[in-house]
Amino acid sequence: MGCFSYNLFSSSPSCQVPVTGSFACQFKTPPYKQLPTLFKQKRKQFNGCQRASRVVSYYALKTPPYKPNALEPYMSKRTVEVHWKEHHGAYVEGLNKALAKSDILYGYTLDDLVKVTYNNGNPSPEFNNAAQVWNHDFFWESMQPGGGDMPELGMLEQIEKDFGSFTNFRNKFAETALTLFGSGWVWLVLKREEPRLEVVKTLNAVTPIVWGDIPIINLDMWEHAYYLDYKNDKENYVNAFMDHLVSWNMAMARMARAEAFVNLGEPKIPIA
Ligand SMILES: [Fe+2]
């Protein structure tokens, strides 16, 4: 994500210091449509780079913006702790281990790392962990204590314009979540070209940023997200998210940010 912070260290055991100086030139954010080409260029660039030690980038496990018990009784402290520390944490650890094997993917923002490793639908081995880190960072911030109910003002107006009514949107979101077979995610996204809101689902780790949609909220439909609290009652889980957890405040902030960049014709939209 745009605000994601890196901890950068040399992988050489004798040189555990933050990377500075000439390596700063690697922090480029390539235009989205040129990513596959730039991926190849970056490979050539690193192959020809003269360095004393291999350098990789590491990603941190971001902390949810509330305490683990803050979403109770709709999402238990135990669910948040297990989901965040064990599942989300495992994706971060898996990503860092994968990246440590090669420096080809050094220096990308997490957004661009996800897009590059998606590789136009032929994902590289790093994709699943990278995308799941992105999806979970986004998911925790899609909820808030005392959330749920309805959005207000422009967000509500846009939903009513694109779905006919808030009830229609809610029904479509729930139906999409409950008809998702296996593990995956349901999303409210802003379609960049029209622009209009749409509900989409993705399987496993796939995230809509890989085809250019702008996520506004997401809901984790992997079993680890709901089983401790709701067992197999996914309908109850989805209703609890809609009625008590979803952060329309964050959705409105993301929407305002996205609209500003879309209206400016900016092809790369940083996600709050
Ligand atoms: Fe999850």
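In each ligand, atom 1 is the first atom listed, and ligand 1 is the first ligand listed. Every heavy atom of this structure was used, including side-chain atoms; hydrogens, water molecules and symmetry mates were not. Because the structure is a prediction, the values reported are computed rather than measured.
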Checklist entry - Does His88 put an N, O or S atom under 2.8 Å from the Fe ion (ligand 1)? => result no
Ring of Phe163, cation from Arg170 - is the NZ or CZ under 6.0 Å from the centre and inside 45° of the axis?
no
field: Worked check of salt bridge (Lys or Arg N to Asp or Glu O under 4.0 Å) between Arg192 and Asp213
entry: CA-CA 6 Å; Arg192 183 185 300 260; Asp213 289 348; over 6 Å; no
Self-check item: Glu198/Lys172 salt bridge by N-O under 4.0 Å criterion
Solution: yes
Worksheet item: Can you tell me if an N/O/S atom from His83 lies under 2.8 Å from the Fe ion (ligand 1)?
Response: yes
Taken to the nearest 0.5 Å, the spacing of Met250 CE from Arg257 CZ works out to 10.0 Å
Output field for angle at the Fe ion (ligand 1), His136.NE2 vs Asp220.OD2, rounded to 10°, should show 100°
The atom name of the N, O or S atom in His224 nearest to the Fe ion (ligand 1) is NE2
